[in-house]
Amino acid sequence: MGKMLTRQEAWELLTRYTKTPSLQKHALAVEAVMKYFAKLNNEDVEKWGVVGLLHDLDYEQFPEEHCHKVVEIMQEEGIDDFYIHAVCSHGYGICSDVKPEHIMEKVLFTTDELDLSMHFA
């Protein structure tokens with residue numbers, strides 16, 4: 001089992017790879033929605049929030065490798081496969097062949113596409 005992240009650890013990792021304010025704002029918006037749905041489903045709010053924060057971890061620096069480079073980054077950090085699978089699944093059918101299976105992954109898949117904040121920053 002790999003490392004389970006706190007919200008603070010996830011934020012520090014995100015900001016190491018993501019400097020653009022609009023992309024950080026997008027991550028925060030997805031985090032908020034994920035936490036809301038975690039609460040509705042009696043799930044782990046912090047875990048779901050961390051997945052929301054990190055879902056585009058590789059996007060700014062590696063846009064052509066989005067949902068692929070993140071695996072390498074997270075494995076180097078010793079992060080649990082739970083997070084890696086979830087983050088990769090949000091690009092299913094677009095830039096990833098990792099299918100969303102858990103309800104959290106399905107929520108992330110839809111939430112990411114609904115948040116338009118990054119497009120109007």
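These numbers come from the heavy atoms of this one structure, side chains and all, not from hydrogens, waters or symmetry mates.
The backbone N or O of Thr111 lies less than 3.5 Å from no partner atom in the side chain of His90, so there is not a single donor-acceptor pair. A donor-acceptor contact shorter than 3.5 Å is absent between the side chain of Thr20 and the backbone of Leu23. Counting only distance, with no hydrogens or angles, the side chain of Asp80 and the backbone of Lys3 share no donor-acceptor pair below 3.5 Å.
Considering every non-hydrogen atom in both Asp112 and His26, the closest pair reads OD1-NE2, 2.8 Å. In terms of heavy-atom proximity, Val51 sits nearest to Val87 at O-CG2, 4.3 Å.
Rounded to the nearest 0.5 angstrom, Met74 CE and Phe82 CZ are separated by 10.0 Å.
By the salt bridge (charged side-chain N to carboxylate O under 4.0 Å, His left out) test, Glu60 pairs with no residue at all, sequence neighbours left out. Under the salt bridge (charged side-chain N to carboxylate O under 4.0 Å, His left out) criterion, Glu72 pairs with Lys69, sequence neighbours left out. For Cys88, the side-chain contact (heavy atoms from CB on, under 4.5 Å) partners two or more places apart in sequence, or in a different chain, are Val70, Val71, Ile84, Ser96, Val98. Considering only residues two or more places apart in sequence or on other chains, Gln8 meets the side-chain hydrogen bond (donor to acceptor under 3.5 Å, both in side chains) condition with Glu12.
Cluster membership for Tyr17 and Leu54, using ILVMFWY side-chain heavy atoms within less than 4.5 angstrom, is shared. Linking ILVMFWY residues whenever their side-chain heavy atoms come closer than 4.5 Å, directly or via other members, places Leu57 and Met4 in the same cluster.
Aromatic ring centroids of His66 and His55 lie 6.0 Å or more apart.
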Can you give me every donor-acceptor pair (side chain of residues 102-109, partner residue at least two apart or in another chain, under 3.5 Å) with its distance?
residue	atom	partner	partner atom	Å
His102	ND1	Met104	N	2.8
Glu105	OE1	Glu101	N	2.7
Glu105	OE1	His102	N	3.1
Glu105	OE2	His85	ND1	2.6

Donor-acceptor list for residues 36-44 side chains, cut-off 3.5 Å, not counting sequence neighbours:
residue	atom	partner	partner atom	Å
Asn41	ND2	Phe37	O	2.8
Asp44	OD1	Glu46	N	3.1
Asp44	OD1	Lys47	N	3.0

